[in-house]
Amino acid sequence: MSTRSERSTIARIAANTRWANEDDRIGATAKARNNSPASIEYWMKKVDPGNEMPRDQRLRRAENAKTAYYQQRMRAARAAKARKAAGEAAA
């Protein structure tokens with residue numbers, strides 16, 4: 001069994017080999033970018049999976065869904081930070 005350091009080295013070699021052989025980096029990562037919460041297309045698919053709404057309405061709802069998602073993430077991060085601070089204060 002390999003160590004953590006060896007696995008990390010193997011992964012870096014694989015990544016560098018993959019990108020050394022890739023002609024179109026943007027095309028190679030397009031699917032991942034479009035399926036990321038950072039992409040408005042991701043949220044447009046979430047709010048209207050059947051693509052039935054008018055584009056402007058779908059876009060408006062997607063922007064609201066994206067904003068709500070990041071607000072939830074921020075709230076969770078603040079709560080985790082507060083729990084950590086409370087745990088350190090108790091110690």
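Because the structure is a prediction, the values reported are computed rather than measured.
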- By side-chain hydrogen bond (donor to acceptor under 3.5 Å, both in side chains) - contacts of Ser36 (at least two apart): none
- Query: Glu6 versus Thr9: any side-chain heavy-atom pair under 4.5 Å?
  - Reply: no
- Task: List for me each residue that meets side-chain hydrogen bond (donor to acceptor under 3.5 Å, both in side chains) alongside Glu22, sequence neighbours excluded, and say none if there are none.
- Result: Arg18
- Query: Who else is in the cluster with Trp43 when I, L, V, M, F, W and Y are joined by side-chain contacts under 4.5 Å?
  - Reply: Tyr42, Tyr69, Tyr70
- Item | Any pair counted as ring pair (Phe, Tyr, Trp, His ring centres under 6.0 Å), so long as it reaches residues 7-29, sequence neighbours left out | none
- Task: Apply side-chain hydrogen bond (donor to acceptor under 3.5 Å, both in side chains) to Asp56 and list each qualifying residue two or more places apart in sequence or on a separate chain.
- Result: none
- Query: Are Ser8 and Arg12 close enough that a side-chain donor and a side-chain acceptor fall under 3.5 Å?
  - Reply: yes
- Message: Does anything in residues 58-84 form a salt bridge (charged side-chain N to carboxylate O under 4.0 Å, His left out)? List the pairs, not counting sequence neighbours.
- Response: Asp48-Arg58
- Message: Run the side chain to side chain donor-acceptor pair (under 3.5 Å) test on Thr29 and Arg25 for me, step by step, so that the C-alpha distance in whole Å, both residues' side-chain angles and the decisive distance to 0.1 Å come before the verdict.
- Response: CA-CA 6 Å; Thr29 59; Arg25 287 179 173 221; over 6 Å; no
- Query: Which residues pass the side-chain hydrogen bond (donor to acceptor under 3.5 Å, both in side chains) test with Ser39, sequence neighbours left out?
  - Reply: Glu41
- Task: For Asn51 and Lys45, run side-chain contact (heavy atoms from CB on, under 4.5 Å): C-alpha distance rounded to whole Å, both residues' side-chain angles, the deciding distance at 0.1 Å, then the answer.
- Result: CA-CA 7 Å; Asn51 202 20; Lys45 290 177 203 168; over 6 Å; no
- Item | Cluster companions of Met44 among Ile, Leu, Val, Met, Phe, Trp, Tyr (side-chain spacing under 4.5 Å) | Ile40, Leu59
